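Heads up: the structure comes next, in structure tokens.
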Amino acid sequence: MTNALLDALKLLKEKQWIDLTHTFGPDSPHFAAFAAAEFETLFTHEDGFFAQRFHFPGQYGTHLDAPIHFVRDARYLDQLELKELVLPLIVIDKSAEAAADADYSLSAADIEAFEAQHGRIQPGSFVALRTDWSKRWPSQEEFENKDADGRNHAPGWSIEALALLLKDRGVQAVGHETFDTDSAADYTKNGALLGEYYVLEQDVYQVELLTNLDLVPPTGAVIFNIVPKAEKASGFPVRSFAILP
């Protein structure tokens with residue numbers, strides 16, 4: 001007697017799995033408003049077992065932001081449904097553009113050009129913006145990419161692009177390799193993270209500080225976002241990975 005579920009698992013195990021998550025620690029890049037993580041050893045094997053205490057913000061390392069992170073009265077991390085955490089993965093590659101212009105912001109026209117080549121983005125997808133910014137890990141200085149006046153420069157999403165994906169295409173989550181949804185230039189211009197607020201206001205989540213998107217095809221993969229179920233959390237480090245077609 002066959003079991004379709006176990007057959008599906010066997011098929012998945014035969015595929016290539018790509019880790020999309022940075023290993024993080026006290027010296028890892030982090031959002032400037034946060035203190036560095038602290039890892040403390042509580043017991044060693046000399047005590048009979050090894051145990052540690054970890055102290056860091058929920059938005060640390062590769063992490064998942066729940067809607068409540070920016071939006072009042074929105075969903076907490078533990079209110080996300082399990083099926084929201086496993087989605088078809090779309091990767092839009094703008095690494096060349098980001099290399100040429102660190103302030104590059106993905107446009108709606110960029111998405112339409114992607115669809116002209118790869119087909120319309122389907123509802124319920126997870127769309128990731130590849131900029132290869134993750135290759136700057138583990139340097140805080142390179143991630144911030146400050147100019148002589150102390151202003152950061154990093155790529156991101158335009159609100160027009162996010163509106164096309166979330167309103168018109170019905171995308172269920174987005175992700176990127178940088179600290180923020182907005183490009184640093186847009187943040188400087190607007191004085192706020194308007195793109196990040198816009199994403200979370202749609203009652204969807206996002207994953208920040210992804211890595212290895214250069215190893216994932218534009219379409220056809222599936223992303224898993226495995227995250228602890230902390231009570232009333234605004235976000236938490238996540239173990240994101242992709243299974244390739």
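In this text, all values refer to a predicted model and were calculated from it rather than measured experimentally.
- Among the candidates V199, L165, D180, the single residue satisfying the side chain to side chain contact (heavy atoms under 4.5 Å, CB included) test with W157 is L165.
- Aromatic ring pairs are classed by plane angle as parallel below 30°, tilted from 30° to 60° and perpendicular above 60°; the pair W17 and F224 is parallel.
- Taking the six-membered ring where tryptophan is involved, the planes of Y205 and F126 are tilted, since the angle between them lies from 30° to 60°.
- Counting only heavy atoms from C-beta outward, the side chains of D19 and R239 approach each other to under 4.5 Å.
- Considering only heavy atoms from C-beta on, K146 stays 4.5 Å or farther from R151 through its side chain.
- The distance from the CZ atom of F39 to the CG atom of D27 is 10.0 Å, given to the nearest 0.5 Å.
- A donor-acceptor pair shorter than 3.5 Å can be found between the side chains of Q202 and K167.
- In this structure a side-chain-to-backbone donor-acceptor pair under 3.5 Å is missing from N190 to A192.
- Taking the six-membered ring where the residue is Trp, F43 and F49 present tilted rings, their angle falling between 30° and 60°.
- No side-chain heavy atom of H176 sits less than 4.5 Å from a side-chain heavy atom of T131.
- Applying the 6.0 Å contact sphere to CD of E141 captures no more than 12 heavy atoms from other residues, nucleotides or ligands.
- Between K232 and D78, no side-chain nitrogen of the basic residue sits less than 4.0 Å from a carboxylate oxygen of the acidic one, so the salt-bridge criterion is not met.
- E144 and N152 share no side-chain donor-acceptor pair at under 3.5 Å.
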As a quick check of understanding, evaluate salt bridge (charged side-chain N to carboxylate O under 4.0 Å, His left out) for E40 and R53, giving each step before the final call. CA-CA 5 Å; E40 177 188 358; R53 175 186 289 126; 2.9 Å; yes
